[in-house]
Enquirer: 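Attaching a single structure in structure tokens format; questions to follow.
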There are 2 protein chains.
Amino acid sequence: MKTGPGAIYWHVANKSELLVAATDAVLADVLAADASGETPQDAIRTVALGVFDAIDAHPWIGAQLSRLASQSATLQIFERIGRQVQALGVPGAAQFDSASALLNYILGVGGQNAANARAQEPGTSRADVLGAESALWSRLDPDQYPFIRGIAGQLRDHDDRAQFLAGIDLILAGIAALR
Amino acid sequence: MKTGPGAIYWHVANKSELLVAATDAVLADVLAADASGETPQDAIRTVALGVFDAIDAHPWIGAQLSRLASQSATLQIFERIGRQVQALGVPGAAQFDSASALLNYILGVGGQNAANARAQEPGTSRADVLGAESALWSRLDPDQYPFIRGIAGQLRDHDDRAQFLAGIDLILAGIAALR
DNA sequence: ACCTGAACACCGTTCAAGT
DNA sequence: ACCTGAACACCGTTCAAGT
């Protein structure tokens, strides 16, 4: 298949519209899974990891998801999270804040992963990046950066996905605690 | 003052390096405030809001902060949060996850605010955007989007900064609960 | 109705020439 | 040592002409 660069402009108004459509298509799978058998917490973890994995596979999605307004995928994710927050018994006034915190965290991590993927030159693996960063951290001034130096070792075999989930669990624990 | 476009390239290697330097300069103020009189929770809230406000004033910072590796401002923010997490008595293994969750949330919201600011055409106020979004939300299909329709009204006089802080408080509550 | 491909605008970057 | 400004590369978009 081969066309001129102008051909797509018959079908979409601009690149952004194209990305919105492509993002919705990719996330349709994630959103297709039904949550009926799960606890609210597990349902939230499932959507969160689904979005995380989708961005991992297609980093350009990460940059795209921030536009709540135009992006129907984001609306659907927010709706799903919101319902689970309701199911957790969070009182009315706090539901919006709780669902937003979860959505912001999910999209925020996604956006950063996307930025990292963009910044990474081709041929570098995640392990390379972590190794380099870990080396950098352990060379920091111990007086200025005691905390970061202390965790530099943990960075080398670090699991991004597990840490993402740990953050979700912290927010869920916070929701449970404040209820 | 007037120069040719090539003049800056004597001083910096590329645009990214320029943005890193500018970001560090802007955040120097935020990081200058000392946290000695505050509780760990308040110290975390102070840094978080400082970063939030800095991005609000200079949206381009938001897009910049994701690069943990090269950005010394991000390292300093992470260090400061990490120390407060230690001060909260979080056990060693969980310190990295807790500090990361806070940092990811702060940078994530910042990045999204930056994207929103970029997407917004000049002359539109935040109130305009919220009004439009609120109108859109209240026109959604009640069967598909019951949760979002339910909160559409709350969106019109919505305080981004307060909601950001509510998210920080949820994570702090989660940290306290899991300890 | 849909595609082609030359052309334009915009922006980050280079570089030979200037002071 | 530092600035100038023409020129290049890259990429999103337009549009008159084709089928």
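A quick note: this is a predicted structure, and the numbers were derived from the prediction, not measured. Below, all heavy atoms of this structure are taken into account, side chains as well, without hydrogens, waters or symmetry copies. Lettering of chains follows the sequences in order, A, B, ..., and the numbering in each one begins at 1.
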Enquirer: For residues B/Arg80 and B/Ala33, report the shortest heavy-atom separation together with the two atoms involved.
Expert: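 Looking at all heavy atoms of both residues, the shortest contact is NH1-O, 2.6 Å.
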Enquirer: State the dot-bracket string of DNA chain D. Criteria: Watson-Crick or G-U wobble, both atom distances under 3.5 angstrom; notation: ( ) intrastrand, [ ] crossing earlier pairs, | interstrand, . unpaired.
Expert: ||.|||||...|||||.||
Enquirer: If you look only at distance, which donor and acceptor atoms sit under 3.5 Å apart when one is on a side chain in residues 163-171 of chain A and the other is two or more places apart or in another chain?
Expert:
from     : atom 1 : to       : atom 2 : distance (Å)
A/Gln163 : OE1    : A/His158 : NE2    : 3.2
A/Gln163 : NE2    : A/His158 : NE2    : 3.2
A/Gln163 : NE2    : B/Ser100 : OG     : 3.0
A/Asp169 : OD1    : A/Arg45  : NE     : 2.7
A/Asp169 : OD1    : A/Arg45  : NH2    : 3.1

Enquirer: What are the two closest non-hydrogen atoms of A/Ala48 and A/Ile106, and how far apart are they?
Expert: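 Between these two residues, the closest heavy atoms are CB-CD1, 3.7 Å.
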Enquirer: Return a table of donor-acceptor pairs under 3.5 angstrom between the side chains of residues 143-157 of chain B and protein atoms on other chains or two or more places apart.
Expert:
from     : atom 1 : to       : atom 2 : distance (Å)
B/Arg149 : NH1    : B/Ser138 : O      : 3.3
B/Arg149 : NH1    : B/Leu140 : O      : 2.8
B/Arg156 : NH2    : B/Ser134 : OG     : 3.4

Enquirer: Run through the side-chain heavy atoms of Ile, Leu, Val, Met, Phe, Trp and Tyr, join any pair under 4.5 Å, and report what else lands in A/Val12's cluster.
Expert: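 Reading the cluster by chain and number, A/Val12 sits alongside A/Ile8, A/Tyr9, A/Leu18.
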Enquirer: By a strict heavy-atom criterion of less than 4.0 Å, which residues belonging to residues 5-15 of chain B are in contact with DNA chain D?
Expert: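 Correct list: B/Pro5, B/Gly6, B/Ala7, B/Trp10, B/His11.
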Enquirer: Answer yes or no: is there an ion pair linking B/Asp53 with B/Arg161, defined by an N-O contact shorter than 4.0 Å?
Expert: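 So B/Asp53 pairs with B/Arg161 through a salt bridge.
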Enquirer: Would you mind listing the cluster partners of A/Val20? Hydrophobic ones only (ILVMFWY), side-chain contacts under 4.5 Å, chaining allowed.
Expert: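 Hydrophobic cluster check, A/Val20: no partners found.
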